[in-house]
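Report on the structure given below.
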2 protein chains.
Amino acid sequence: MGEATIRDVARRAEVSVASVSRALNGLNNVRGETRERIMAAAKELGYVPHAGARSLSLARAHAIGVVLPDLHGEFFSECVRGMDREASRRGYLLLLSNMHDDSEQAAVALRAMRGRVDGLLVMAPHIPLEALERALPATLPAVLINAPGEIASRPALRLDNRAGARAMVEHLLGGGHRHIVHIAGPEGNVDAQERAQGFRDALAELAPDMPVRIISGDFNEEAGEAAAREIVASSAPCDAVFAANDMMAIGCLHTLRQAGKRVPEDIAVAGFDDVPLARYLALTTIEVRIAEIGARAVSRLIDMLEGKGADTRTELHEPQLIARATTAARVNGAAHG
Amino acid sequence: MGEATIRDVARRAEVSVASVSRALNGLNNVRGETRERIMAAAKELGYVPHAGARSLSLARAHAIGVVLPDLHGEFFSECVRGMDREASRRGYLLLLSNMHDDSEQAAVALRAMRGRVDGLLVMAPHIPLEALERALPATLPAVLINAPGEIASRPALRLDNRAGARAMVEHLLGGGHRHIVHIAGPEGNVDAQERAQGFRDALAELAPDMPVRIISGDFNEEAGEAAAREIVASSAPCDAVFAANDMMAIGCLHTLRQAGKRVPEDIAVAGFDDVPLARYLALTTIEVRIAEIGARAVSRLIDMLEGKGADTRTELHEPQLIARATTAARVNGAAHG
DNA sequence: TTGTACGCGTTATCAT
DNA sequence: ATGATAACGCGTACAA
């Protein structure tokens, strides 16, 4: 009682399954009249090829597996949107699977893809490199996105977190801010690590006299709120906060204002990601064009699958600073102390 | 040179493929010693079953197809997140496909799923019912989400847009607002239609003396801005705006304030969806728990697939009003005029 | 307990 | 131009 198969079509058109396959796939070695009879039979039966059987026979699924961590809302959807756009443009479907924080589960998720997809897109800023390498089926093409390092012969895309952090430090120093505090992301996350390191390096180079102050966080709003309370309570000078992502910046912003601090007059606040909220709150941030990165990852993977160049280099994507009101330049020089 | 197959494992363990299959699938009719030899061989070869072949043999793919329209960011990701949570909990993968505005493309997207998934989740508030029905493979189980009507024997979930709109009208009237303008969503979209109709009906019942005023929009921020300009320019009284979604409400809010209107003192503003932005802008809105709806849709589909009751009823999800500052009650009675 | 052989729905090879 | 048939990798009757 299932769907009609190629055999049903063959029977109805009174030809062999081979001819049906040829006709339906547009091969030219089939007589016009025969072709028409086949097409008619197919239409009458509402025949649709069985993609599973097809991919078994062709050894190509025309699907690519996408394994993402638990991303903050807008980031996730934009990433998938970018991927889907490019994938559907090139005739591929996306098989989705969330990889939670656990390395074990990540391996399971990756194995589940075997035999259903032609290649993998893996974003894993929080999985140790060796674990990732081990979990990745050796023969399955894969493109890494923001992995915590490079794996030989695996093409990869990376966001240039360091450059973003550096740009922000330059921007803040240029605005007359001197005592910049960084709110870091989760420890195991490469993006967080690189942003923190970029902050450290930029400060060491551009303002070597300033002490480097970093408060730990976890990318959630609450961490930003906690950091704000710590900053307000502390006697250490602080005239600017650079959070490792927008959500923490936003939490910080709110709490600072509630505590009576004026932003940016007393303390400037900046984030990273440029989530839609950032624009509405006039939050200075680093724009990460995640949809573009996703689309590009798909494109590289498909190029690989179709033999159009197996470029195995790591591609660095430069983020861009978006200056808004929360980091307006200081007007006087009363920054010290 | 591909991955190891079940045959390779059989050869290495010196047994038949049947025994390998049995051992790997945990059947009990295999001797302990044999099983261990098989397990060892599988591990040594890094064998992972080929899901494609498996599903062809079992006639079950353990995957479900998700066909969504081009959703606004957060809405999309939350929906997919909810679906993925439930799907992975029950051992299914999600095959994603965006269905753009075109009915033709929708049909193509649906057909591409044949032979790869066990069932379909379709959200199509913008596709005419007949087109949707025609495009849906007759024998493939499917759960409809916010479809523009009901299809016999197809289980469905719906957001109760009318109830949401009515709750908002009650809230606004209760706050002393009298001249409420509705900014509608795109014409072909059921959610938009139902919200507008709910607005009309509620007003007709609760404030029959008030004229019903509706400005057309398209769910985008710009439409809200345009509506705001129209409201400001018009001589018709207006002390409250109820937009069919948050993004339009937000656009409206900004433009009204830029035009010197105080919100909510001069004009109250409300939206629909409760996107994260809404909370930060203190926008009154209707909370739509889309992740929950997505998870529930998956759950119903899998129940169906596994024979645990083929409940074909339409399930109505009640949204909830979230009152925030943009619709604070009027303090005096100077509303008329 | 174990093995042989067939079927799942296609495509591709090799005849004719 | 067309047809018979062997793959593709797996599960599972059925036989032993």
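Below, chain A is the first sequence line, B the second, and so on; all start at residue 1.
Using a 4.0 Å heavy-atom cutoff across all strands shown, R114(B) reaches sugar-phosphate atoms only and no base atom.
Ion pairing between E130(B) and R134(B) fails under the 4.0 Å rule for side-chain N and carboxylate O. Between R90(B) and D303(B) there is a salt bridge, since a side-chain N of the basic residue sits under 4.0 Å from a carboxylate O of the acidic one. The existence of a salt bridge linking R37(B) and E33(B) is confirmed by a sub-4.0 Å separation between a basic side-chain nitrogen and an acidic carboxylate oxygen.
The CD atom of E36(A) sits 15 Å away from the C1' atom of dA1(D) (whole-angstrom rounding). E3(B) places its CD atom 15 Å from the C1' atom of dC10(D), with the value rounded to the nearest Å. Between the C1' atom of dC8(C) and the CZ atom of R116(B) lies a distance of 17 Å, rounded to the nearest Å. The CG atom of L24(A) sits 14 Å away from the P atom of dT2(D) (whole-angstrom rounding). Distance N25(A) CG to dT13(C) P: 13 Å, rounded to the nearest Å. Spacing between atom CG of L27(B) and atom C1' of dC10(D) amounts to 13 Å, rounded to whole angstrom units. Taking atom CD on E33(B) and atom P on dT2(C), their separation rounds to 8 Å, with Å as the unit. Look at CD1 on I6(A): it is 16 Å from P on dT5(D), rounded to the nearest Å.
Distances shorter than 4.0 Å separate none of the side-chain N or O atoms of S19(A) from OP1 or OP2 on dT2(D). A close approach under 4.0 Å does not occur between any side-chain nitrogen or oxygen of R22(A) and OP1 or OP2 of dT10(C).
Other residues, nucleotides and ligands place no more than 12 heavy atoms under 6.0 Å from the CD atom of E14(B). Within 6.0 Å of CD on E187(B) lie no more than 12 heavy atoms contributed by other residues, nucleotides or ligands.
Side-chain proximity of R31(A) to dG9(D), dA1(D), dT11(C): nearest is dA1(D). Among the nucleotides dA1(D), dA4(D), dT11(C), the one closest to the side chain of N29(A) is dA1(D). Closest to the side chain of R7(B), from the set dT2(D), dC8(D), dT10(C), is dC8(D).
Looking only at distances, no side-chain donor or acceptor of N189(A) sits under 3.5 Å from a matching main-chain atom of H126(A). Side chain of R81(B) to backbone of L71(A): a donor-acceptor contact under 3.5 angstrom is found.
The stretch residues 45-60 of chain A comes close to DNA chain D through L56(A), S57(A), each having a heavy atom under 4.0 Å from the strand.
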